[in-house]
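For reference, the structure discussed in these notes is given below.
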Amino acid sequence: MTHPTPAAAGPLADPTPGTMPRATPDPTPGATPMVEVEGVHKFFGELHVLRGVDMSVPRGSVSVVIGPSGSGKSTLLRCINEMEQISAGRIRVDGDLMGFRERVRQGRTELYRRSPKEIARQRARIGMVFQRFNLFPHMTAVQNVMEAPIQVKGVRKEEARARAVELLAQVGLADRTDHYPAQLSGGQQQRVAIARALAMDPDLMLFDEPTSALDPELVGEVLAVMQDLAASGMTMVVVTHEIGFAREVGDQLVFMDDGVIVERGRPRDVLEHPREDRTRAFLSKVL
């Protein structure tokens, strides 16, 4: 099998059949989207996980991605923040090409891989919250939140701690700053993880099924924090099975299956009047 490569020159390939036109324009005419995914493919060996994905996320909006397990949702997030290198296509965040530089040579546009330091700087602008909380077990909540600003951005310890305390209060954990992860519930740990991501002052927040590892009674407290973030104007891309969150908070709902975007649009439109058979079949099992 011949895999497409990111260094290929020339125009991007047309979207894979089955993808739909972008449904949510930028709120300001001519504004640069916060995220622009163009013709993205991703292979793991012979496994073709993303098959020509196109997606636009306007700044200040919430895009919710749903779909069955194995459809490529989490891989798409990991490609956006360069945790995975795409096999073909382009991803831009705030107009900045992720992972690569474009150069014109002899009339041809070619892509060159950025240095690890450059990629790390790009990734620092993007907050990521995982299904599993990934907190440092030997650090308290406040230490978990202040660690990255100190190590990555060189923030002074006193300043980082003050900001961490402020963020923990923002997510409802003002009385848990000195608790270790083992002393916190799953919902509390996930809220610490959200505060930790916010401590880097990201331009974009990615959430990869942030409530799927929680007991049902703890889901609401995490979704409430995410809803507050959305109300504050944070640009968010959320992979989730929480259909109620998608309906109430999302500006765009994207349904993925088998590595392609099958349908997208305003959440209520997609949920109440899906146009594609694959979307209807999936929703019939989760609604």
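Note: hydrogens, waters and symmetry copies are ignored here, and every other heavy atom, side chains too, is used. When a residue number appears, it is its place in the shown sequence, counting from 1. A quick note: this is a predicted structure, and the numbers were derived from the prediction, not measured.
Between Arg278 and Asp258 there is no salt bridge, since none of the side-chain N atoms of the basic residue sits less than 4.0 Å from a carboxylate O of the acidic one. Between Glu147 and Arg196, no side-chain nitrogen of the basic residue sits less than 4.0 Å from a carboxylate oxygen of the acidic one, so the salt-bridge criterion is not met. Ion pairing between a basic and an acidic side chain is recognised when a charged N comes within 4.0 Å of a carboxylate O; Asp201 and Arg163 show such pairing. In summary, Arg78 and Glu84 engage in a salt bridge, as defined by a charged side-chain N under 4.0 Å from a carboxylate O. In this structure, Arg121 does not pair ionically with Asp96, as no charged nitrogen and carboxylate oxygen lie closer than 4.0 Å.
Under a hydrophobic-cluster definition in which Ile, Leu, Val, Met, Phe, Trp and Tyr are linked whenever side-chain heavy atoms come within less than 4.5 Å, directly or via other members, Ile119 and Leu206 are assigned to different clusters. Note on Leu135 and Val152: separate hydrophobic clusters, where clusters join Ile, Leu, Val, Met, Phe, Trp and Tyr whose side-chain heavy atoms are under 4.5 Å apart, directly or indirectly. Cluster membership check: Val165 shares its hydrophobic cluster with Ile194, using side-chain heavy-atom separations under 4.5 Å among Ile, Leu, Val, Met, Phe, Trp and Tyr. Leu218 is connected to Val171 through a chain of hydrophobic side-chain contacts under 4.5 Å among Ile, Leu, Val, Met, Phe, Trp and Tyr, so both are in one cluster. Cluster membership check: Val192 shares its hydrophobic cluster with Val219, using side-chain heavy-atom separations under 4.5 Å among Ile, Leu, Val, Met, Phe, Trp and Tyr.
The shortest heavy-atom contact between Pro68 and Asp257 is CG-OD1, 3.3 Å. Ser63 approaches Met55 most closely through the heavy-atom pair CB-CE, 4.4 Å. Closest of all the heavy-atom pairs between Val270 and Gly265 is CG2-N, 3.6 Å. Annotation for Gly127 and Ala197: closest pair CA-CB, 4.1 Å, computed over non-hydrogen atoms. What you find for Gln188 and Leu173 is that their closest heavy atoms are O-CD1, 3.5 Å. Heavy-atom minimum distance, Pro181 versus Pro137: CD-O, 3.8 Å.
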Check against side-chain contact (heavy atoms from CB on, under 4.5 Å), Met98 and Asn81: CA-CA 8 Å; Met98 296 297 294; Asn81 81 339; 5.6 Å; no
Derivation of the side-chain hydrogen bond (donor to acceptor under 3.5 Å, both in side chains) call for Gln131 and Ser212: CA-CA 6 Å; Gln131 177 179 350; Ser212 61; 3.1 Å; yes
Candidate pair Leu198 and Leu229, rule side-chain contact (heavy atoms from CB on, under 4.5 Å), full reasoning: CA-CA 10 Å; Leu198 291 173; Leu229 276 179; 3.8 Å; yes
Steps toward side-chain contact (heavy atoms from CB on, under 4.5 Å) verdict (Arg90, Leu111): CA-CA 10 Å; Arg90 288 162 173 78; Leu111 298 184; 3.9 Å; yes
Residues Val254, Met256; criterion side-chain contact (heavy atoms from CB on, under 4.5 Å); working and verdict: CA-CA 6 Å; Val254 175; Met256 289 187 68; 4.2 Å; yes
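Side-chain contact, Asp208 with Ser74: a donor N or O sits under 3.5 Å from an acceptor N or O. Judged by distance alone, the side chains of Glu102 and Thr109 never bring a donor and an acceptor atom under 3.5 Å apart.
Distance check: Met205 CE to Met226 CE gives 8.0 Å after rounding to the nearest 0.5 Å. Remark: Ile80 CD1 to Leu204 CG distance equals 7.0 Å, nearest 0.5 Å. Atom-to-atom distance recorded for Glu110:CD and Arg101:CZ is 15.5 Å, nearest 0.5 angstrom. Here the straight-line distance linking atom CD of Gln252 with atom CG of Asp269 works out to 12.0 Å at 0.5 Å rounding. In this structure, the separation between CE on Met128 and CD1 on Ile126 is 9.5 Å, given to the nearest 0.5 Å. Note that CG of Leu283 and CD of Glu276 are 12.0 Å apart. Values are rounded to the nearest 0.5 Å.
A cation-pi arrangement is present between Arg113 and Phe100, with the terminal nitrogen or guanidinium carbon under 6.0 Å from the aromatic centre and inside a 45° cone about the axis.
Distance alone, capped at 3.5 Å, is enough to place a donor-acceptor pair between the Arg114 side chain and the Leu97 backbone. Within the 3.5 Å criterion, the main-chain N or O of Glu36 finds no donor-acceptor partner in the side chain of Arg92. Side-chain N or O atoms of Glu209 include none that pairs as donor or acceptor with a backbone N or O of Val239 at under 3.5 Å. Judged purely by atom type and a 3.5 angstrom limit, Asp54 uses its side chain to pair as donor or acceptor with the backbone of Gly39. Not a single donor-acceptor pair under 3.5 Å links the side chain of Lys42 to the backbone N or O of Gly259. For the pair Thr140 (side chain) and Asp178 (backbone), a donor-acceptor distance under 3.5 Å is absent. For the pair Lys73 (side chain) and Gly67 (backbone), a donor-acceptor distance under 3.5 Å is present. Checking side-chain atoms of Ser87 against main-chain N and O of Phe43 turns up a donor-acceptor pair under 3.5 Å. Distance alone, capped at 3.5 Å, is enough to place a donor-acceptor pair between the Gln190 side chain and the Phe130 backbone. The closest donor-acceptor contact from the side chain of Arg59 to the backbone of Thr32 lies under 3.5 Å.
Under a 4.5 Å side-chain heavy-atom cut-off, the cluster of Ile, Leu, Val, Met, Phe, Trp and Tyr residues that includes Phe136 is completed by Met139.
Within 6.0 Å of atom CZ in Arg161, 12 or fewer heavy atoms from other residues, nucleotides or ligands are found, so the atom counts as exposed in its surroundings. Heavy atoms from other residues, nucleotides or ligands lying under 6.0 Å from CZ of Arg132 number 12 at most.
No side-chain heavy atom of Asp251 sits under 4.5 Å from any side-chain heavy atom of Pro58. Taking 4.5 Å as the limit, every side-chain heavy atom of Leu50 sits out of range of all side-chain heavy atoms of His41. The shortest side-chain heavy-atom distance between Val237 and Val64 does not fall under the 4.5 Å cut-off. No side-chain heavy atom of Glu248 sits under 4.5 Å from any side-chain heavy atom of Pro267. Between Ile86 and Ile91 the shortest side-chain heavy-atom distance falls below 4.5 Å. Contact of the Pro149 side chain with the Met200 side chain is registered, since non-hydrogen atoms from C-beta on lie closer than 4.5 Å.
In summary, the aromatic rings of Phe282 and Phe255 are positioned with their centroids under 6.0 Å apart.
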